[in-house]
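Order of the sequence lines fixes the chain letters, A, B, ..., with proteins taken first and strands second; residue numbering starts at 1 for each chain. All figures in this text were calculated on a predicted structure; none of them were measured in a lab.
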Amino acid sequence: MNIHEYQGKSILKSFGVAVQEGIVAETPEQAVEAAKKVMETHKCDGVVIKAQIHAGGRGKGGGVKFAPNLEKAKEVATNIIGMQLITPQTSKEGKKVHKVLVAQDVYYPGASPTKEFYMSILLNRTTGKNIIMYSTEGGMDIEHVAETTPHLIWKEEIDPKVGLRDFQCRKVAFNLGLSGNAFKEMTKFVASLYNAYVSIDASLFEINPVLKTSDDKIIAVDAKVTLDDNALYRHKDIEAMRDELEENPIDVEARKAELNYVKLDGNVGCMVNGAGLAMATMDIIKLSGGDPANFLDVGGTANAERVEKAFRIILKDKNVKAILVNIFGGIVRCDRVAQGIVDAYKNMGSIPVPIIVRLQGTNAEEAKKLIEASGLKVYSAILLQEAADLVKKVINN
Amino acid sequence: MSVLVNKNSKVIVQGFTGGEGTFHAQQMIEYGTNVVGGVTPGKGGTTHLDRPVFNTVADAVAKAGADVSIIFVPAAFAADAIMEAAEAGIKVIVCITEGIPVKDMIAVKEYIKGKTCRLIGPNCPGVITAGEAKVGIMPGFVFKKGKVGIISKSGTLTYEAADQIAKAGLGVTTAIGIGGDPIIGTPTKDAVELLMNDPETEAIVMIGEIGGSYEAEAARWIKANGNKKPVVGFIAGQTAPKGRTMGHAGAIVGGAEDTAQAKMAIMRECGIHVVDSPASIGKTMAAVLKGEKV
């Protein structure tokens with residue numbers, strides 16, 4: 001699960017991580033009030049108004065702007081709230097901005113120059129251990145840094161037996177070229193950041209940039225926080241931060257129906273049992289000349305109710321020209337699934353696109369007969385290759 | 001021979017008396033698996049499915065000689081169940097449970113290091129040695145006895161492969177479902193190594209998916225060890241977009257090496273017969289074993 005920058009920062013702060021402070025606003029009026037408060041509290045000349053959407057690269061799309069005074073703050077907030085923000089990480093249509101974070105200006109002049117770093121925490125899947133990845137090249141796309149100057153990215157692996165050690169925090173600060181108070185601040189920053197990561201069952205922290213201010217403080221200016229969905233049950237407070245406005249409405253509906261669904265851009269919908277077979281089914285659609293419109297795993301209980309819900313979700317996508325149902329019945333009997341399809345079909349009155357049903361495994365022959373006897377306009381197959389050939393035939397018609 | 005489990009394996013079920021545990025224990029017993037009992041804390045001393053229930057895995061090892069365990073306990077308690085089995089001296093631990101938090105699995109991986117157990121899964125369909133023992137949730141009848149070993153991250157795709165193998169006139173030694181989570185006990189390479197060293201297995205089907213580097217690691221190991229047996233490979237998710245999780249928590253394209261295309265290229269370089277279509281697994285294996293060029 002993803003959360004907004006302002007939510008991520010509030011979590012980090014509760015673990016003692018220094019962050020760029022700010023107040024969230026949903027209207028231009030609220031933004032002006034927030035700006036006033038932020039400037040007073042933090043004694044800064046001006047605020048940064050940041051669009052709150054679940055995507056990076058917001059600055060590039062015009063979603064992050066500096067406002068030197070209240071008048072300008074109102075103007076900027078008016079422009080950003082409600083805009084369709086397009087960034088390198090959103091779709092072509094972009095994402096609608098519902099909230100902004102009115103944040104303190106942290107790039108104030110002072111005794112030493114400011115410096116931006118990059119820091120993330122994630123799982124190294126090969127070793128099964130967490131790593132802190134960091135770089136002197138902050139404030140830019142880390143993939144670009146990895147391509148052009150890979151020697152400026154360091155990784156620090158954490159031994160689960162003993163956790164993050166002080167010497168490791170010092171190593172990070174040394175590699176980032178810090179000394180004096182900034183060095184001390186950075187060691188504290190790294191330790192509390194890692195503590196937060198572990199405590200909330202995060203699956204990704206990306207702080208870009210981490211800023212050394214002109215008075216040698218170390219603060220998180222941005223915060224991308226992703227939670228491990230499987231661990232949300234022990235973090236109800238964080239689960240409550242879920243913003244459904246950020247999700248595709250079809251995704252929300254699918255989640256509530258406990259269907260594992262991902263919308264894609266193609267023209268052939270599919271409904272499959274099992275994640276691996278679902279991906280393989282998408283691939284076979286492509287090899288047959290179509291394009292998969294979705295990923296959908298109905299799971300182990302493909303009864304009439306679930307099948308009907310799945311059909312309804314797939315059909316919400318107007319690009320869908322055909323649907324391939326691919327079920328390998330193991331413990332689930334194919335004839336039950338076939339009955340589910342027939343019932344769903346009848347409940348729905350009519351389904352406007354051709355359906356190809358491939359049922360294999362336990363009672364596959366009975367299932368095929370059941371489908372054929374139902375009189376429904378369904379193409380039936382048993383072998384995966386037959387299903388692929390039918391997809392080709394249907395698309396070419 | 002075969003690997004991991006056979007007709008002599010003494011299997012216990014952790015989460016024996018729960019719904020899932022009961023159903024699948026029954027199915028395993030019907031298949032002929034030597035299920036010697038189960039564990040449900042607090043129900044020790046009773047019997048279930050005509051077999052003894054123990055309070056702890058250690059009891060099951062001491063009193064029933066258990067050496068294999070299959071775990072059906074809910075995700076919140078599954079990490080603990082794995083560690084209990086490891087501590088009790090179980091040799092092969094198969095964890096079916098889906099949805100274990102990554103943080104818990106980091107601790108499990110660390111805990112079992114150096115112990116004499118092998119963990120399969122979590123979030124996997126289990127292990128089956130055709131005609132001998134089914135320690136998993138797969139439909140047993142799909143797996144005909146034969147000479148081909150199967151390794152897969154996914155359940156239904158494993159059944160698909162086994163079915164195609166049977167339709168091509170071949171059969172299976174052992175099928176290992178390694179699981180689709182970011183952290184698993186037995187990565188692809190370790191499973192390949194087991195089957196490469198099994199005298200009964202003459203060829204291997206290796207099914208992977210997007211995300212992680214297990215398949216690339218396995219492919220490089222196969223090549224470095226002289227391609228001793230033919231391997232037919234498939235990677236699911238050629239059409240999956242970047243950055244979206246495809247059902248399995250581990251199936252997400254992050255970097256360039258995570259894509260199906262990148263993995264397939266590495267596997268081909270390492271001498272694996274990679275099929276583009278999941279419908280071609282069986283016939284390609286048949287052709288390879290006949291010595292035909294594919």
Counting heavy-atom pairs under 4.5 Å with chain A, which one of B:Gly237, B:Gly180, B:Gly250, B:Gly211 comes out on top?
B:Gly237

Chain B contact via A:Asp251 - side chain, backbone, both or neither, heavy atoms under 4.5 Å:
side chain

Side chains of B:Gln238 and A:Met282 in contact at under 4.5 Å (non-hydrogen atoms):
no

Within the structure provided, determine whether B:Met246 and A:Asn260 are in side-chain contact (heavy-atom separation under 4.5 Å).
no

Of the non-hydrogen atoms in B:Ala236 and A:Met279, which two are nearest, and what is the gap between them?
CB-CB, 3.8 Å

With a 4.0 Å cut-off on N to O distance, would you call A:Arg358 and B:Glu160 a salt bridge?
yes

Assert top hit (heavy-atom pairs under 4.5 Å, partner chain A, pool B:Ile207, B:Ile210, B:Ile184, B:Ile183) equals B:Ile183

Under 4.5 Å to a heavy atom of chain A? For B:Tyr111 that would be neither

For A:Ala388, is it the side chain, the backbone, both or neither that has a heavy atom under 4.5 Å from a heavy atom of chain B?
neither

Structural part of B:Ser213 lying under 4.5 Å from a heavy atom of chain A
side chain

Out of B:Ala107, B:Gly212, B:Ser152, B:Gly140, return the one with the most heavy atom pairs under 4.5 angstrom to chain A.
B:Gly212

Among A:Thr127, A:Asp265, A:Leu264, A:Leu123, which residue has the highest count of heavy-atom pairs closer than 4.5 Å to chain B?
A:Leu123

When rounded to the nearest 0.5 angstrom, what distance separates OH in B:Tyr214 from CZ in A:Arg125?
7.0 Å

What part of A:Glu386 lies closer than 4.5 angstrom to a heavy atom of chain B: side chain, backbone, both or neither?
neither

So which part of A:Gln385 gets closer than 4.5 Å to some heavy atom of chain B, the side chain, the backbone, both or neither?
both

Quick check on B:Glu217: does its CD atom have over 12 non-hydrogen neighbours (other residues, nucleotides or ligands) under 6.0 Å away?
yes

Highest number of heavy-atom pairs under 4.5 Å with chain B among A:Thr362, A:Leu383, A:Asp297, A:Thr126 belongs to A:Thr362

Take atom NZ in A:Lys155; do more than 12 heavy atoms of anything else shown fall under 6.0 Å from it?
no

Answer with side chain, backbone, both or neither: which region of A:Ser199 has an atom nearer than 4.5 Å to a non-hydrogen atom of chain B?
backbone

Are B:Thr239 and A:Asp283 close enough, and set up right, to give a side-chain hydrogen bond (donor to acceptor under 3.5 Å, both in side chains), and what steps lead you there?
CA-CA 6 Å; B:Thr239 48; A:Asp283 296 343; 2.9 Å; yes

When B:Thr156 is tested against each of A:Val272, A:Thr281, A:Asn273 for side chain to side chain contact (heavy atoms under 4.5 Å, CB included), which residue passes?
A:Asn273

A:Asp159 side chain reached by B:Glu110 side chain, heavy atoms, under 4.5 Å
yes

Any idea which of B:Glu98, B:Lys109, B:Glu209 has the most non-hydrogen atom pairs under 4.5 angstrom with chain A?
B:Glu209

Sort out for me which of B:Ala75, B:Pro125, B:Ser277 touches chain A most, counting heavy-atom pairs under 4.5 Å.
B:Ser277

In terms of heavy-atom contacts, A:Ile284 and B:Ala279 come closest through CD1-CB, 3.8 Å

Which portion of B:Ile235 sits near chain A, non-hydrogen atoms under 4.5 angstrom
backbone

Any salt bridge between A:Lys286 and B:Asp276, counting N to O under 4.0 Å?
no

Is any side-chain heavy atom of A:Val198 closer than 4.5 Å to one of B:Lys103?
yes

In terms of heavy-atom pairs under 4.5 Å, which option from A:Gln89, A:Lys129, A:Lys161 contacts chain B the most?
A:Lys161

Considering only heavy atoms and a distance below 4.5 Å, find which of A:Pro160, A:Ala231, A:Gly266, A:Pro292 pairs most often with chain B.
A:Pro160

Would one find more than 12 heavy atoms of other residues, nucleotides or ligands at under 6.0 Å from atom CD of A:Glu258?
no

Heavy-atom distances under 4.5 Å only: say whether B:Lys189 touches chain A with side chain, backbone, both or neither.
neither

Is there side-chain contact between B:Val142 and A:Phe328, with at least one heavy-atom pair below 4.5 Å?
yes

Measure the CG-OG1 distance between A:Asn230 and B:Thr97 for me, rounded to the nearest 0.5 Å.
11.5 Å

Could you look at B:Ala260 and say if it's the side chain, the backbone, both or neither that has a heavy atom under 4.5 Å from chain A?
neither

Minimum heavy-atom distance between A:Ala275 and B:Gly247, given as atom pair plus value
CB-CA, 3.9 Å

Using 4.0 Å as the upper bound for N to carboxylate O, is an ion pair formed by B:Asp104 and A:Arg234?
yes

Interface residue of largest heavy-atom contact number with chain A, from B:Pro182, B:Ala251, B:Pro101, B:Ser280, under 4.5 Å:
B:Pro101

